[in-house]
Undergrad: 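One structure, as structure tokens, below. Some questions next.
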Amino acid sequence: MAEPKAEPKPEPKTKYDRQLRIWGEQGQSALEKASICLLNCGPTGSETLKNLVLGGIGSITVVDGSKVENGDLGNNFMVSESNLGQPKAKCVCAFLQELNDAVKAKFIEEHPVTLIETNPSFFSQFTVVIATQLVEASMVKLDRICRDGNVMLIFARSYGLSGFVRISVKEHTVIESKPDHFLDDLRLNNPWPELKKFTESIDLDTSDPVAHKHTPYILILVKMANDWAKTHSGKLPSTREEKREFKELIKAKTIAPDEDNYKEAIEASFKVFAPQGISSSNLKRILDDPCSEVDSCSSDFWVMVAALKEFIANEGGGEAPLEGSIPDMTSSTEIYINLQKLYQAKAEADFIIVAQRVRDILKKIGRDPLSISNDLIKSFCKNARKLTVCRYKSIEEEFNSPILPEMQKYLADEEYSVAVGFYILLRAVDRFSANYNAFPGQFDGAMDEEISRLKTTAVSLLTDLGCNGSPLPEDLINEMCRYGAAELHAVAAYIGGVASQEVIKLITRQFVPMSGTFIFNGIDHKSQLLSL
């Protein structure tokens with residue numbers, strides 16, 4: 001009897017179809033090449049890693065020196081009763097491997113704190129280190145190690161009904177930031193010669209009703225902006241009255257009530273009023289950043305920024321490279337396709353110039369002129385107006401010298417008082433643990449004494465930070481003692497979801513990772529970012 005054939009493995013494009021639509025093949029490729037180290041595989045760490053394994057991360061290494069205990073069965077779905085007494089890292093690793101056999105998984109049965117103390121070079125092999133449930137002293141040491149080794153680091157912790165997530169990277173550059181709202185790059189108020197010429201071939205006063213109602217709003221606005229400038233000393237509408245008048249002129253051109261293209265032109269007229277050139281303050285900061293003065297040690301991103309800077313000052317005439325896409329609009333098919341080709345041709349021409357400048361700069365600084373791919377340069381040009389650079393304070397700097405006015409503002413603000421209260425208390429419980437060898441409320445004992453000790457510790461911490469006299473809510477201190485350092489699965493799953501999302505942003509270099517410390521307040525079901 002013939003043995004049944006094994007089920008064929010799904011192709012990556014089918015397997016990861018939904019996420020490929022979000023971050024594309026380039027993003028998925030980055031995930032599949034990434035190696036992740038997880039420190040502590042309790043519910044918070046396990047949930048974080050589960051999301052990444054399902055997403056097709058390249059390899060994982062789970063570090064945990066503890067054994068599976070009865071308490072783990074109630075908050076970690078990745079261990080079972082049959083695992084009692086076994087290494088937790090081994091059991092979680094086996095479970096995760098079953099979720100996606102394409103992921104390389106291994107475990108190290110060792111306590112993360114010991115590894116941080118005795119083998120700091122261990123961490124240099126990873127793309128990202130996810131450190132969960134670490135106390136403050138270990139966080140500071142690990143952060144120093146990862147910064148020295150240029151390894152991306154993310155901290156996550158759940159504690160009762162609270163938790164936090166904090167990224168720590170010296171510098172993180174993003175080309176595809178994908179903002180929710182961004183002004184189309186149509187150059188309506190600064191058209192290049194070919195667009196001007198194409199616009200001049202269109203007659204807005206045509207007597208043909210079909211042609212009149214199928215002229216795309218881009219051409220309507222470019223033509224009318226040009227006509228306005230001729231009668232206003234070369235200037236476009238700037239005052240409220242002028243903008244209103246410009247819209248009325250568009251409206252006056254309509255000859256039928258069903259002309260959607262003119263309605264679109266009126267709605268999009270604000271794009272004509274936008275300032276020419278580099279209007280994004282974010283891009284201006286990047287262009288003025290000292291890192292844009294490149295040398296042989298500069299990253300590919302900053303080499304491309306240097307080329308972009310040269311392009312804007314020369315061929316771009318004060319503008320970034322054109323993105324090359326146009327939105328949907330009412331138009332005849334022929335005109336829309338011709339317009340689309342016009343934008344694509346301009347974007348391609350800009351890319352060729354920037355690419356050549358990149359090659360010239362690479363040669364000048366003694367690097368291989370072809371070391372930056374055309375695909376990356378093209379993506380850079382397309383997203384030039386949306387570039388983002390994130391820099392994070394070290395954990396040590398934040399813990400020892402937070403931005404005092406911000407801390408005081410949060411403490412005084414009713415909207416943020418609980419979030420900053422949890423932030424202070426999550427640090428205070430670590431001091432408490434260092435002093436008393438246990439977290440408040442972790443073992444049966446005199447709760448009132450534990451509350452008093454935690455309050456004293458929190459007040460001392462606030463004084464050290466320069467916020468003496470700032471009270472913390474008594475109820476919050478009581479709650480932290482009641483939690484007894486427990487990891488609740490529901491909170492751990494939420495924190496793990498947030499942490500894994502940020503890891504994906506870091507690895508794919510798409511979307512902008514959150515800045516500051518993310519605090520989850522499970523009492524009020526609120527999440528807030530603290531910039532300290």
Side-chain angles (χ1 to χ4, degrees), residues 36-40 42 44-45 48 63-65 110-126 128-159 162-172 390-404 406-407 410 420 422-440 454 457-467 480 485 495 499 502-503 506 513-519 529-532:
I36 303 288
C37 175
L38 172 70
L39 302 184
N40 290 317
T44 307
T48 304
V63 180
D64 195 311
E110 188 167 352
H111 292 288
V113 174
T114 305
L115 204 57
I116 292 167
E117 294 284 353
T118 61
N119 191 7
S121 61
F122 168 80
F123 300 99
S124 62
Q125 63 187 294
F126 300 104
V128 181
V129 173
I130 304 168
T132 66
Q133 306 304 106
L134 287 187
V135 295
E136 186 172 310
S138 297
M139 287 174 67
V140 170
K141 287 175 185 173
L142 180 62
D143 187 41
R144 280 199 214 114
I145 293 166
C146 289
R147 281 176 176 261
D148 289 344
N150 285 318
V151 176
M152 295 184 283
L153 174 62
I154 187 161
F155 293 103
R157 188 177 188 180
S158 60
Y159 194 104
S162 69
F164 76 83
V165 176
R166 165 70 150 80
I167 295 167
S168 187
V169 186
K170 277 184 187 175
E171 178 183 277
H172 180 70
C390 306
R391 293 186 175 114
Y392 298 85
K393 289 173 72 171
S394 70
I395 294 294
E396 187 172 21
E397 188 183 354
E398 179 183 313
F399 283 175
N400 294 338
S401 309
I403 304 169
L404 195 55
E406 287 296 308
M407 179 71 83
Y410 290 138
V420 77
F422 273 133
Y423 175 85
I424 294 295
L425 288 168
L426 283 166
R427 292 186 56 191
V429 294
D430 288 346
R431 284 196 178 188
F432 185 105
S433 172
N435 291 333
Y436 302 105
N437 297 315
F439 289 101
L454 180 59
T457 306
V459 169
S460 173
L461 175 58
L462 282 168
T463 302
D464 291 347
L465 296 174
C467 298
M480 289 300 280
I495 293 294
E502 297 308 306
V503 170
L506 291 171
M514 59 190 181
S515 58
T517 301
F518 172 91
I519 299 289
L529 270 176
L530 303 180
S531 299
L532 297 167

Undergrad: Are any of the side-chain heavy atoms of I403 and S531 separated by less than 4.5 Å?
TA: no

Undergrad: Nearest 0.5 Å, what's the CD1-SG distance between I154 and C146?
TA: 12.0 Å

Undergrad: Might you point out which heavy atoms bring N400 and P402 nearest each other, and give the distance in Å?
TA: C-CD, 3.6 Å

Undergrad: I'd like to check R391 versus S515 (side-chain heavy atoms, cut-off strictly below 4.5 Å). Are they in contact?
TA: no

Undergrad: Look only at the side chain of K393 and the backbone of L532, and say whether a donor-acceptor pair between them is shorter than 3.5 Å.
TA: yes

Undergrad: If we only count heavy atoms from C-beta on, is the V63 to F123 side-chain gap below 4.5 Å?
TA: no

Undergrad: Determine whether D430 and F439 satisfy the following criterion, side-chain contact (heavy atoms from CB on, under 4.5 Å), listing intermediate values before the conclusion.
TA: CA-CA 7 Å; D430 288 346; F439 289 101; 3.6 Å; yes

Undergrad: Classify the side-chain pair S168/E398 by whether it contains a donor and acceptor separated by less than 3.5 Å.
TA: no

Undergrad: Would a 4.5 Å heavy-atom cut-off, applied to side chains only, mark K170 and N150 as touching?
TA: yes

Undergrad: With a 3.5 Å distance limit and no angle check, can you tell me whether E502 reaches the backbone of M514 through a side-chain donor-acceptor pair?
TA: yes

Undergrad: Can you tell me how far CZ of F126 sits from CG of L153, rounded to the nearest 0.5 angstrom?
TA: 12.5 Å

Undergrad: Can you check side-chain contact (heavy atoms from CB on, under 4.5 Å) on I395 and E136, steps first, answer last?
TA: CA-CA 9 Å; I395 294 294; E136 186 172 310; over 6 Å; no

Undergrad: Between T132 (side chain only) and N40 (backbone N and O only), is there a donor and an acceptor less than 3.5 Å apart?
TA: yes

Undergrad: Tell me whether S433 contacts the main-chain N or O of V429 through its side chain, where contact means a donor paired with an acceptor under 3.5 Å.
TA: no

Undergrad: Holding to side-chain hydrogen bond (donor to acceptor under 3.5 Å, both in side chains), I want the full list of residues that pass it with R431, two or more places apart in sequence or in another chain.
TA: D464

Undergrad: Looking at CG of L425 and CG of L454, how far apart are the two atoms once the value is rounded to the nearest 0.5 Å?
TA: 5.5 Å

Undergrad: Kindly give the heavy-atom pair with the smallest separation between S158 and Q133, and that separation in Å.
TA: N-OE1, 2.8 Å

Undergrad: With a 4.5 Å cut-off on side-chain heavy atoms, are S162 and M480 touching?
TA: yes

Undergrad: Which heavy-atom pair separates C37 from F122 by the least distance, and what is that distance?
TA: SG-CE2, 3.9 Å

Undergrad: What's the shortest heavy-atom distance between P513 and L506, and which atoms?
TA: CG-CD2, 3.9 Å

Undergrad: List the steps, then state whether side-chain contact (heavy atoms from CB on, under 4.5 Å) holds for L142 with F155.
TA: CA-CA 10 Å; L142 180 62; F155 293 103; 4.2 Å; yes

Undergrad: Is it true that D143 and R166 make a salt bridge, defined as a side-chain N closer than 4.0 Å to a carboxylate O?
TA: no

Undergrad: Can you tell me how far the OG1 atom of T457 sits from the OH atom of Y436, to the nearest 0.5 Å?
TA: 5.5 Å

Undergrad: Are the side chains of C390 and V169 in contact, using a 4.5 Å heavy-atom criterion?
TA: no

Undergrad: Donor-acceptor pairs are to be reported for all side-chain atoms of residues 111-119 against protein atoms at under 3.5 Å, with residues two or more places apart or in another chain.
TA:
residue	atom	partner	partner atom	Å
E117	OE2	K141	NZ	2.4
T118	OG1	T114	O	2.7
N119	OD1	S121	OG	3.2

Undergrad: Hey, could you give me the CD1/SG distance between I424 and C467, rounded to the nearest 0.5 Å?
TA: 6.5 Å

Undergrad: Working to the nearest 0.5 angstrom, can you tell me the gap between F164 CZ and L529 CG?
TA: 13.5 Å

Undergrad: As a quick check of understanding, evaluate side-chain contact (heavy atoms from CB on, under 4.5 Å) for V420 and M407, giving each step before the final call.
TA: CA-CA 8 Å; V420 77; M407 179 71 83; 3.7 Å; yes

